[in-house]
Undergrad: 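Could you have a look at this structure, given as structure tokens, before my questions?
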2 protein chains.
Amino acid sequence: MEPECGLALSARKVEYIKFIFETGGTVRTTMIATAFSVDPSTITKTLAELAAGGYIRHVPYHGVCLTETGERHAEFLIKRHRILSLMLVRNGLLPEEACREASQFESLVSKKAVDRICHFMGHPRQGICGEITHDNDCLEREEGASS
Amino acid sequence: MEPECGLALSARKVEYIKFIFETGGTVRTTMIATAFSVDPSTITKTLAELAAGGYIRHVPYHGVCLTETGERHAEFLIKRHRILSLMLVRNGLLPEEACREASQFESLVSKKAVDRICHFMGHPRQGICGEITHDNDCLEREEGASS
DNA sequence: TACAAGATTTGGATAGACCCCAAAAAATGG
DNA sequence: CCATTTTTTGGGGTCTATCCAAATCTTGTA
């Protein structure tokens, strides 16, 4: 089993997945297009790629919703954003700055790095733009896992 | 005067500028091509863009060297890399990991953020992959500058 | 229920960043 | 002064992200 580095999605796709997750349920193309000020046709195309990747289920003309995989991944994406934002705040940035900066580069930070930072910070529950949740995956390294 | 956010160069160009700076003096196309395992023609093209941006002086068939601007910028790029790597180490990553992760996303971190982190860490001199130098630009915020 | 209006998708294009290959051009050491 | 090496040119490619216009699907409603 490959380590799952968490770098499979481009920055844009990460934003879309997080948006769909946070909106919840079935999300319509226009909703995403409006939220990101992008042409609906662009969204349709990107959605097709996300569907091909198994992250979402897309019913043409009706909207998309996350698959089981997509949901699990979305949780990671959001946690990554919050952990990184929190780290930045704890290292001198203002909350809004931290959130903004993290959004810019988070898609390039590996899961392993996020887990280490999360561990180092003591698995904080309170992020600066929402609560942080911790699954086994992130806690299991605690009890002497391999890597 | 615009704030100079430090996001003008792509990740690849950042690597090239840092490499040229660290190599010092006049650097030849092949040297860069070899260092990054990329076709020389690709380097020539990217070099043309960096020259157009005023970062380097390119004498065809002879090599490139940084301009005054390029040198100043290179110093920032290297400092950014070291500050971010150091922050990651201080937040739980192993040195090599930190360096590798920082290289991936550093091009997307603003100068302002770097300055804040640098300030927060107390303007450290010892990075994990080299010494960190601090210019006025980064220290002046200390004595109550505007932003 | 048929249709107009609105939402969505298709198809066609563009743009930027990177990259490669083959061939031309320049530099250089004998 | 020429063969070898280095570099540049010219021509393609891929990928991601976007836009526009035209087709297509849904739906509320008359």
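First the proteins, then the strands, lettered A, B, ... as listed; each starts at 1.
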Undergrad: Output the rounded distance in Å from CD (A/Glu49) to P (D/dT18).
TA: 11 Å

Undergrad: Any donor-acceptor pair under 3.5 Å between the side chain of B/Ser41 and the base of C/dC21?
TA: yes

Undergrad: Assuming nearest nucleotide by heavy-atom distance, tell me which of A/Tyr61 and A/Val38 is located more 5' along DNA chain D.
TA: A/Val38

Undergrad: Look at the side-chain N and O atoms of B/His62 and state whether any lies under 4.0 Å from the OP1 or OP2 oxygen of C/dA26.
TA: no

Undergrad: If I take atom CG in residue A/Leu47 and atom P in nucleotide C/dT9, what distance separates them, rounded to the nearest angstrom?
TA: 7 Å

Undergrad: Between atom CG in A/Leu9 and atom C1' in D/dA17, what is the gap in whole Å?
TA: 15 Å

Undergrad: Is the closest basic N to carboxylate O distance between B/Lys18 and B/Glu106 below 4.0 Å?
TA: yes

Undergrad: Between B/Arg28 and A/Ile43, which has a closest nucleotide on DNA chain C that is more 5'?
TA: A/Ile43

Undergrad: Test side-chain contact (heavy atoms from CB on, under 4.5 Å) on A/Glu101 and B/Ser110 and set out the steps.
TA: CA-CA 8 Å; A/Glu101 296 277 342; B/Ser110 78; 2.5 Å; yes

Undergrad: So, under a plain 3.5 Å distance rule, would you say the side chain of A/Lys45 forms a donor-acceptor pair with the base of C/dG12?
TA: yes

Undergrad: May I have the step-by-step check of side-chain contact (heavy atoms from CB on, under 4.5 Å) for A/Thr133 and A/Lys79, ending in yes or no?
TA: CA-CA 7 Å; A/Thr133 56; A/Lys79 174 178 174 179; 5.6 Å; no

Undergrad: Measure from CG on B/Asp39 to C1' on C/dA23 and round the result to the nearest Å.
TA: 13 Å

Undergrad: Among B/Phe36, B/Tyr55, B/Phe21, which residue satisfies the ring pair (Phe, Tyr, Trp, His ring centres under 6.0 Å) criterion with B/Tyr16?
TA: B/Phe36

Undergrad: Does A/Ser10 reach a base, just sugar-phosphate, or nothing at all? Heavy atoms under 4.0 Å.
TA: sugar-phosphate

Undergrad: Return the value, rounded to whole Å, for the distance between atom CG of A/Leu50 and atom P of D/dT16.
TA: 11 Å

Undergrad: Counting only side-chain nitrogens and oxygens, does A/Thr29 get under 4.0 Å of the OP1 or OP2 atom of C/dA7?
TA: no

Undergrad: Within the structure shown, what part of the strands sits under 4.0 Å from B/Lys13 by heavy-atom distance: base, sugar-phosphate, or nothing?
TA: sugar-phosphate

Undergrad: Which residue, A/Pro60 or A/Ala11, contacts DNA chain D at a nucleotide closer to its 5' end, judged by nearest heavy atom?
TA: A/Ala11

Undergrad: Return no unless some side-chain N or O of B/Thr42 is found under 4.0 Å from OP1 or OP2 of C/dC19.
TA: no

Undergrad: Using 4.0 Å as the upper bound for N to carboxylate O, is an ion pair formed by A/Arg12 and A/Glu15?
TA: yes

Undergrad: Would you indicate what A/Tyr16 reaches in the nucleic acid, counting non-hydrogen atoms under 4.0 angstrom: base, sugar-phosphate, or nothing?
TA: sugar-phosphate

